[in-house]
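Take a look at the structure set out below.
Every chain is numbered from 1 and lettered A, B, ... according to where its sequence line falls, protein lines coming before strand lines. All heavy atoms count here, side chains included; hydrogens, waters and symmetry mates do not. Here the structure is a predicted model, which means the values were calculated and not measured.
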Amino acid sequence: MKDGIANNSTASISQARKAVEQLKMEACMDRIKVSKAAADLMAYCEAHIREDPLIVPVPASENPFREKKFFCTIL
Amino acid sequence: RKYMRSPPTPEMATQEVPLNETLAHLKTESETLKSKLEEERAKLHDVELHQVAEKVEGLGQFVMKTRRTLKGHGNKVLCMDWCKDKRRIVSSSQDGKVIVWDAFTTNKEHAVTMPCTWVMACAYAPSGCAVACGGLDNKCSVYPLSLDKNENLAAKKKSVAMHTNYLSACSFTNSDMQILTSSGDGTCALWDVESGQLLQSFHGHAADVLCLDLAPSETGNTFVSGGCDKKANVWDMRSGQCIQSFETHESDINSVRYYPSGDAFASGSDDATCRLYDLRADREVAIYSKDSIIFGVSSVDFSLSGRLLFGGYNDYTINVWDVLKGTRVSILFGHENRVSTLRVSPDGTAFCTGSWDHTLRIWA
């Protein structure tokens, strides 16, 4: 029925159809405004910033990487 | 339905192909849908993140420096991952070696030689009892870590994933039982570790997939991947469906990482920028770039609160960005070649970088 050239376009058509279905699905998404998204990102930062050891450093004695410890091996 | 009304060509008249099924019509429909998508996204673009963040307090001066240097690899370090115990690290290298380190003492605890060079991916199991790795062998293998330092780790190796091109990244899910992989073959896949069975595959990238990151467990079963097609895709792990796609980078995406709340993710690209995409607004909301930064970003990660974004660059530096304000707050020097991998520790007290200079550094 369909020759070799038609089979090639069958594959392309199938791919194009998948792309259309994917886009239709993505179009259905419920989106929020950037202002709301931004506010939520900021709120999360604010809520956790005090526990962020790279921003509010814990005392050196509590950060194993910052404390000056000397490791000795007994020979 | 204007696009269905074009005059029939002689071919279409003789073949029984419905008008709306031809390639040309599908492509037109694709373009129309893409424009509609952009329109919908644009309607909600009422403000920029950095504008909203103007009222946020600025960050102070940063004193971050190298606290440990891990030496032992014989060639470029390509990947690293932290253990949940916040002190152990696994790293992999171009020379085929995978090393487990105690980052506090810098001691090497385990070493295994892979049968291939360019071990581009490695990951620590959640239990801390195993590591996964792979690269040019197109596989992802799991090595249980023995308490006996003399035991040959390679003997207990389990082959889990099989791709048809290189393994670019791997990650355990929230247990030791499943592994997620990405590959140069353009796909991602989810595997059962015990049986090696393929549980789900993820098709949609048009070229090599270079990176992936799992959503924080509270936000459900999704993950994000980035590839050479300049796209970042968000996937539903159960259905295999691509649920969101972002295409704003101008070159390969080398790294993707979720914001700690799970509502956004950052990406790093060969186009020398890092970007932030908000999942609920369904768009890019920030670009982290400077005219003076012209080398690609290999790896990105957030600090614990999400306020800082660390980027490892091909110009040997680490740039630290204020995620909300979009400004650079620090630049860190130390490595003597490209930074290839970067991860913040599980409790956020430090971050680790791996480099083509054969070393890893712990910064705090």
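In this structure, the separation between OG on B:Ser30 and NZ on A:Lys18 is 13.5 Å, given to the nearest 0.5 Å. From A:Gln22, atom CD reaches atom CG of B:Leu33 across 11.0 Å, with rounding to the nearest 0.5 Å. To the nearest 0.5 angstrom, A:Leu54 atom CG is 6.5 Å from B:Ser303 atom OG. The NZ atom of B:Lys43 sits 10.0 Å away from the CZ atom of A:Arg31 when rounded to the nearest 0.5 Å. Taken from CZ in B:Arg307 to CE in A:Met42, the straight-line distance is 8.5 Å, to the nearest 0.5 Å. Remark: B:Lys65 NZ to A:Phe65 CZ distance equals 15.5 Å, nearest 0.5 Å.
When the shell of 6.0 Å around NZ of B:Lys325 is examined, it contains more than 12 heavy atoms from other residues, nucleotides or ligands.
Of all the listed residues (A:Ala39, A:Ala19, A:Ser35, A:Ala16), the one sharing the greatest number of non-hydrogen pairs under 4.5 Å with chain B is A:Ser35. With chain A as partner, the option from B:Gly204, B:Cys242, B:Ser345 having the largest number of non-hydrogen pairs under 4.5 angstrom is B:Cys242. Of the listed residues (B:Gln241, B:Glu57, B:Lys36), the greatest number of heavy-atom pairs within a distance under 4.5 Å of chain A belongs to B:Gln241. No other option in A:Cys45, A:Pro57, A:Ala47, A:Ala38 has as many heavy-atom pairs under 4.5 Å with chain B as A:Cys45. Comparing A:Lys36, A:Arg50, A:Met29 by how many heavy-atom pairs each has under 4.5 Å with chain B, the most go to A:Met29. Most heavy-atom pairs under 4.5 Å with chain A: of the set B:Ile362, B:Val285, B:Val320, this distinction falls to B:Ile362. Looking only at heavy-atom pairs under 4.5 Å with chain B, the residue among A:Gln15, A:His48, A:Glu26 that has the most is A:Glu26. Among A:Leu41, A:Asn63, A:Ile49, the residue with the largest count of heavy-atom pairs under 4.5 Å with chain B is A:Leu41.
Listed by chain and number, the residues in a side-chain contact (heavy atoms from CB on, under 4.5 Å) with B:Lys231 are B:His205, B:Asp229, B:Asn233, B:Ser245, B:Glu247 (sequence neighbours excluded). Every residue meeting the side-chain contact (heavy atoms from CB on, under 4.5 Å) condition with B:Ala286, not counting sequence neighbours, appears here in chain and number order: B:Leu49, B:Leu276, B:Tyr288.
In this structure, A:Lys24 pairs ionically with B:Glu29, as a charged nitrogen and a carboxylate oxygen lie closer than 4.0 Å. Salt bridge annotation for B:Arg280-A:Asp30: absent, with no cationic side-chain nitrogen under 4.0 angstrom from a carboxylate oxygen.
The part of B:Val56 that comes within reach of chain A is its side chain, from C-beta onward, which places non-hydrogen atoms under 4.5 angstrom from that chain. Using a 4.5 Å cut-off between heavy atoms, B:Phe310 touches chain A through its side chain atoms alone. In this structure, the portion of B:Lys55 lying under 4.5 Å from any heavy atom of chain A is its side chain and not its backbone.
Closest approach of B:Leu37 and A:Ala27 over heavy atoms only: CD1-CA, 3.6 Å. Heavy atoms only, all atoms of each residue included: A:Pro64 and B:Phe104 are closest at CG-CZ, 3.4 Å.
A:Tyr44 places a side-chain heavy atom less than 4.5 Å from the side chain of B:Tyr259. Two residues are said to be in side-chain contact when any heavy atoms from C-beta on lie closer than 4.5 Å; A:Ile55 and B:Leu59 meet this criterion.
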